[in-house]
K.L.:
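Below you'll find the structure I mean.
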Amino acid sequence: MESLPMNAWEHPTSRPDAPRERPSGIRLQNILVPTDFSTASRQALPYALSLADQFGADLTLVHVVPETLPASISHIGIVLEEKRLIAAAKKALAQFREQELGTNLKVETVVLSGCPYLKLCEVARTLPCDLIITSTHGRTGLKHFLLGSTAERVVRFAPCPVLTVREQLIPMRFPETGSARFRRIIVPTDFSEASRKALPYAAAFAREFGAGIRVLHVIEPDAYYDSDGARSGVMEAHLKKALGVKLDLLLQSCAFEGTVQVRNGVAFEEIIHEAADQNADLIILSTHGRTGLKHVLLGSTTERVVRHAACPVLVVREQEHEFVRV
């Protein structure tokens, strides 16, 4: 299960240059794009524009003015200040839309006040949206612990799939006549029912973009040990072979040819390393959507991948709205 050469990624029947019907089952009608006017938030726009153009989807650009004081101590001065902030935000969003997206494209703009991730999820549910495309600053350490990440919270609570784009030193730009380029897709799985949900999305994207799929399983340090708490080299080889067969069967279940890989280590780290080693354009994975103390103690592999991955990450979960027919 060595890393494959670049041409091994190409699906044998895919011809990216040739016109083809859309057998992928992808249907995107409404795409939600949050912005805080930062440089990072601008980097989600090329993906939003490209996918909206490719699938004929409507774009909704949303800005949320964060609450500064609890409603329980509100008075007339605070209410007036909130109205002033919302009016200023609407003006800024209109200017942002014109500067970044031009005037010819039909884009709805929405300004709300409140907790950003809650409001974004509320809008996504109300429209309803098929996809949220958001950027992430990729905060780490104490700053991330104290401030949290709106993008990660949206990933955890959104009623639809979320595509996250990490801030890059050199922003992505697609040709005006071209589409978003997804040629190599990594699909991590732990064989759970939740993780299986990512495979139909990967197969649909691969068919749509002429991409290759690589299904990945990570053997973590505390998994697959024998009764003595150890694992010999022979056992390890047999284990990897058995897991490779299991991954092949998963690929067959979504009626798509691809490659498989088994790695040892911490799940989120190995997913990121595999994506870097294979120069992946997209990671597609699911989330268990843990909340409360369990999430605080265990963390989420998905959210850590979102925080650290250099390439875009598409996160799916058990949701109300899906953009792939499964």
Side-chain angles (χ1 to χ4, degrees), residues 32-36 38-48 64 66 115-118 120-121 124 131-158 160-172 182 184-190 194-195 197-198 201-202 216-218 220-221 263 265-317 319:
L32 180 67
V33 187
T35 182
D36 59 5
S38 66
T39 300
S41 71
R42 284 173 165 83
Q43 296 193 19
L45 294 177
Y47 290 91
V64 180
C115 175
Y117 83 90
L118 288 177
L120 291 171
C121 293
L131 178 66
I132 298 173
I133 303 180
T134 183
S135 60
T136 175
H137 296 276
R139 293 189 183 102
T140 57
L142 182 61
K143 188 174 183 181
H144 181 273
F145 178 78
L146 294 175
L147 299 178
S149 165
T150 296
E152 289 169 29
R153 291 178 179 179
V154 169
V155 163
R156 200 187 317 165
F157 295 105
C160 62
V162 180
L163 179 67
T164 64
V165 180
R166 190 176 181 189
E167 183 179 11
Q168 304 289 337
L169 292 176
I170 302 176
M172 175 65 71
F182 299 120
R184 299 172 178 83
I185 301 174
I186 300 290
V187 191
T189 181
D190 60 5
S195 70
K197 199 169 184 66
Y201 284 84
L216 169 69
H217 177 73
V218 179
E220 296 201 88
R263 297 179 69 123
V266 178
F268 86 90
E269 292 178 348
E270 295 306 317
I271 292 168
I272 292 165
H273 292 330
E274 183 69 15
D277 290 347
Q278 300 298 330
N279 195 25
D281 305 298
L282 181 66
I283 299 170
I284 302 181
L285 73 175
S286 59
T287 176
H288 296 276
R290 293 189 182 103
T291 58
L293 182 61
K294 190 172 184 181
H295 183 273
V296 172
L297 293 176
L298 299 178
S300 164
T301 295
T302 298
E303 289 169 24
R304 290 175 179 177
V305 171
V306 165
R307 195 184 313 159
H308 296 283
C311 67
V313 180
L314 176 65
V315 181
V316 300
R317 56 174 293 173
Q319 58 238 342

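We number each residue from 1, following the sequence as shown. Just so you know, these numbers come straight off a predicted model, no measurement behind them.
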K.L.:
Is any side-chain heavy atom of Val155 less than 4.5 Å from a side-chain heavy atom of Thr164?
P.N.:
yes
K.L.:
Quick one: closest heavy-atom pair of Ala48 and Ile133, and the distance?
P.N.:
CA-CD1, 3.6 Å
K.L.:
Can you find a heavy atom in the side chain of Ile283 that is under 4.5 Å from one in the side chain of Pro188?
P.N.:
yes
K.L.:
Is there a side-chain contact between Leu163 and Leu282 (heavy atoms, below 4.5 Å)?
P.N.:
yes
K.L.:
Where the side chain of Thr302 meets the backbone of Ser286, is there a donor-acceptor pair that is under 3.5 Å apart?
P.N.:
yes
K.L.:
Looking at every heavy atom in both Ser195 and Asp190, which two are closest together, and how far apart are they?
P.N.:
OG-OD1, 3.0 Å
K.L.:
Are side-chain heavy atoms of Val64 and Pro34 found at a separation under 4.5 Å?
P.N.:
no
K.L.:
Taking all non-hydrogen atoms of both residues, which atom of Val218 and which atom of Glu270 are closest, and how far apart?
P.N.:
CG2-CB, 3.7 Å
K.L.:
Measure across Ala44 and Ser135 and return the closest heavy-atom pair with its distance rounded to 0.1 Å.
P.N.:
CB-N, 4.0 Å
K.L.:
Might you point out which heavy atoms bring Ile272 and Arg304 nearest each other, and give the distance in Å?
P.N.:
CD1-O, 4.2 Å
K.L.:
I'd like to know if the side chain of Arg263 and the backbone of Ile271 have a donor-acceptor N/O pair within less than 3.5 Å.
P.N.:
no
K.L.:
After noting the C-alpha distance and the side-chain angles of Ile186 and Ile284, does the key distance pass the side-chain contact (heavy atoms from CB on, under 4.5 Å) rule?
P.N.:
CA-CA 6 Å; Ile186 300 290; Ile284 302 181; over 6 Å; no
K.L.:
Please confirm whether the backbone N or O of Ala151 pairs with a side-chain atom of Thr134, one donor and one acceptor, at under 3.5 Å?
P.N.:
no
K.L.:
I need the Tyr47 OH to Leu131 CG distance, nearest 0.5 Å.
P.N.:
13.0 Å
K.L.:
Starting at CZ of Arg166, measure out to NE2 of His308 and round the result to the nearest 0.5 Å.
P.N.:
7.5 Å
K.L.:
Taking all non-hydrogen atoms of both residues into account, name the closest pair between Arg307 and Glu152 and its distance.
P.N.:
NE-OE2, 3.0 Å
